[in-house]
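Beneath this line is the structure, given in structure tokens, with notes to follow.
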2 protein chains.
Amino acid sequence: MTGKTINSFVKKRNILLILTYGVGMAGLIFLLKFIEYKYFIRDFTTEMYIGIVAILFTAVGVWVGSKLVKRKSAEKRAIDFEADAEQIKQLGISRREFEVLELIAKGLSNKEIGEKLFISIPTVKTHSSNLFVKLDVQRRTQAIQRARELKIIS
Amino acid sequence: MTGKTINSFVKKRNILLILTYGVGMAGLIFLLKFIEYKYFIRDFTTEMYIGIVAILFTAVGVWVGSKLVKRKSAEKRAIDFEADAEQIKQLGISRREFEVLELIAKGLSNKEIGEKLFISIPTVKTHSSNLFVKLDVQRRTQAIQRARELKIIS
DNA sequence: CTATTTTTGATACCAAAGTATGAGCTATTT
DNA sequence: AAATAGCTCATACTTTGGTATCAAAAATAG
């Protein structure tokens, strides 16, 4: 769950992607050569031929470009999501406290949180109170805001 | 601020975009022709020439593709943002109630909201209470959650 | 100009949230 | 075995939040 693990994962995926594109492009060139020599044998003028190449490779480029951008934003999201666990540990937030935080952010009352986690209201209050100290806030609404800033909840 | 206004705006932008790309491509083709006839005059083999065309147009395509995707997501965001005003009116949320909602979401207490808006605590309570009815919630934490779902706040 | 909505405020009361303190229990680590 | 950390719960108290009801300016629409 460390940054290095995810980074190497992303690198592997990118190498695969580039390979795929490379093979695809080579295939396209081969296809063009094949068409040129086997079927039309110079029936097309050089201009037309170049036009076809330009259109085809523009299309390939558009596809690659959109893929790359989508992948980039997906990586960004992955990195954002990863920041969570680190932050939680760094702030010393315990497992139970985090569960309470999530339910607070969902808008549950202390009573509802207690029912959902099978603990008493005083216990919920203890957890939330400790949580607020660790998040350096006074109220649960602030805790929601803060936790979202720190990306420990969505 | 209506949907139609934004849609026509977006259409205009897209037409401009396509024109720009078209002119750019035409310019590239012209440049290639220019190079072909004025400088190299068949010094390059057809294969090399096609290779250059393929690489250039792939690059153009990648650029166009990424631009298109970025524009698409930007439009999506604009549409999401527009949904706000509509929803707010549909729910009958008043200007002042919305201001209170925003400050609640920022984690402010009723007292702090009152100070910021220069109104008394009872007034803040009146607004928030009416707001909760319109959002169909019981607590301010739920209101935050609900308002985010409805995209009337970020 | 009048009708209506919005905004403002008060009072009273109850519910929920938050703090402080203390304490028992259970793993885990040293 | 002892220390540590996390989870649990209780009691008491204070603060904040939320509802209900009423009412009066102020702004806006018709």
Side-chain angles (χ1 to χ4, degrees), chain A residues 1 84-148 150 152-153, chain B residues 1-2 84-150 152-153:
Chain A
M1 271 286 186
D84 299 14
E86 294 257 343
Q87 288 272 19
I88 291 167
K89 273 161 201 157
Q90 203 153 19
L91 293 171
I93 294 171
S94 74
R95 161 151 213 79
R96 212 55 166 167
E97 284 161 2
F98 179 67
E99 287 176 324
V100 170
L101 172 62
E102 282 181 312
L103 296 179
I104 283 175
K106 279 187 182 170
L108 300 205
S109 67
N110 287 338
K111 191 186 159 205
E112 289 167 338
I113 293 171
E115 282 163 2
K116 202 152 236 178
L117 299 180
F118 304 107
I119 56 180
S120 73
I121 294 175
T123 305
V124 176
K125 287 186 178 183
T126 304
H127 287 317
S128 62
S129 206
N130 291 333
L131 191 61
F132 297 161
V133 172
K134 288 167 186 176
L135 288 174
D136 190 31
V137 296
Q138 283 74 47
R139 283 175 291 284
R140 49 175 58 211
T141 47
Q142 281 184 336
I144 295 171
Q145 170 80 352
R146 189 100 188 77
R148 296 223 304 135
L150 297 171
I152 64 183
I153 57 167
Chain B
M1 272 285 188
T2 67
D84 298 13
E86 294 255 342
Q87 288 270 20
I88 291 167
K89 274 162 200 156
Q90 205 153 18
L91 293 170
I93 294 171
S94 75
R95 163 152 212 78
R96 212 54 166 166
E97 283 161 3
F98 179 67
E99 287 176 324
V100 170
L101 172 61
E102 282 181 312
L103 296 179
I104 284 175
K106 277 187 184 170
L108 301 205
S109 68
N110 287 340
K111 192 186 157 205
E112 289 166 338
I113 293 171
E115 283 163 1
K116 202 153 237 177
L117 298 181
F118 305 107
I119 56 181
S120 71
I121 294 175
T123 305
V124 176
K125 286 187 176 183
T126 304
H127 288 318
S128 62
S129 205
N130 291 332
L131 191 62
F132 297 162
V133 172
K134 288 168 185 175
L135 288 174
D136 191 29
V137 297
Q138 283 75 47
R139 284 174 290 284
R140 49 175 57 210
T141 47
Q142 281 183 335
I144 296 170
Q145 170 81 353
R146 190 100 189 74
R148 295 224 302 134
E149 278 173 16
L150 297 172
I152 65 183
I153 57 167

task = Give a yes/no on whether any side-chain N or O of B/R139 is located under 4.0 angstrom from OP1 or OP2 of C/dA16.
result = no

request  = Tell me which nucleotide among C/dA17, C/dT7, D/dT11 gets nearest to the side chain of A/P122.
outcome  = D/dT11

Of the listed nucleotides C/dG9, D/dG18, C/dT6, the one nearest the side chain of B/S94 = C/dT6

ask   = Between D/dG18, D/dT16, C/dT8, which nucleotide has the shortest distance from any of its atoms to the side chain of B/I119?
value = C/dT8

task = May I have the distance from A/Q142 (atom CD) to C/dA17 (atom P), rounded to whole angstrom?
result = 16 Å

inquiry  = What's A/S120 touching, base or sugar-phosphate or nothing? Going by heavy atoms closer than 4.0 Å.
reply    = sugar-phosphate

query = In whole Å, what is the span from the CG atom of B/L135 to the P atom of D/dG17?
reply = 17 Å

key: Pair B/R140-B/N110, side-chain donor/acceptor within less than 3.5 Å   = yes

inquiry  = As a test of reading the structure: which of C/dT19, D/dT16, C/dT8 is closest to the side chain of A/F132, going by heavy atoms?
reply    = C/dT19

message = It should be established whether A/R95 places a side-chain nitrogen or oxygen under 4.0 Å from OP1 or OP2 of nucleotide D/dG6.
response = no

message = For a quick check of understanding: with a heavy-atom distance under 4.0 Å over all strands, which category does B/S128 fall into, base, sugar-phosphate or nothing?
response = nothing

message = Determine whether A/E112 and B/R139 satisfy the following criterion, salt bridge (Lys or Arg N to Asp or Glu O under 4.0 Å), listing intermediate values before the conclusion.
response = CA-CA 12 Å; A/E112 289 167 338; B/R139 284 174 290 284; 2.8 Å; yes

note = Here the distance between atom P of C/dG18 and atom CG of A/N130, to the nearest Å, is 13 Å

Side-chain N or O of A/N110 closer than 4.0 Å to phosphate OP1/OP2 of C/dA16 = no

Spacing between A/Q138 atom CD and D/dG17 atom P, to the nearest angstrom = 12 Å

query = Among side-chain atoms of A/T123 and A/S120, is any donor-acceptor pair under 3.5 angstrom?
reply = yes

Side chain of A/T126 (C-beta onward), nearest among D/dT8, D/dT19, C/dT7 = D/dT8

key: Listed nucleotide nearest any side-chain atom of B/S129, set D/dT19, D/dC7, D/dC9   = D/dT19

query = Does a side-chain N or O from A/R140 land closer than 4.0 Å to OP1 or OP2 of C/dA17, or not?
reply = yes

message = I want to check one thing: is the phosphate of C/dG9, taken as OP1 and OP2, less than 4.0 Å away from some side-chain N or O of B/T123?
response = yes

request  = Ignoring backbone atoms, establish whether B/H127 has a side-chain N or O less than 4.0 Å from OP1 or OP2 of C/dT8.
outcome  = yes

query = Do A/I153 and A/F98 touch side chain to side chain, with heavy atoms closer than 4.5 Å?
reply = yes

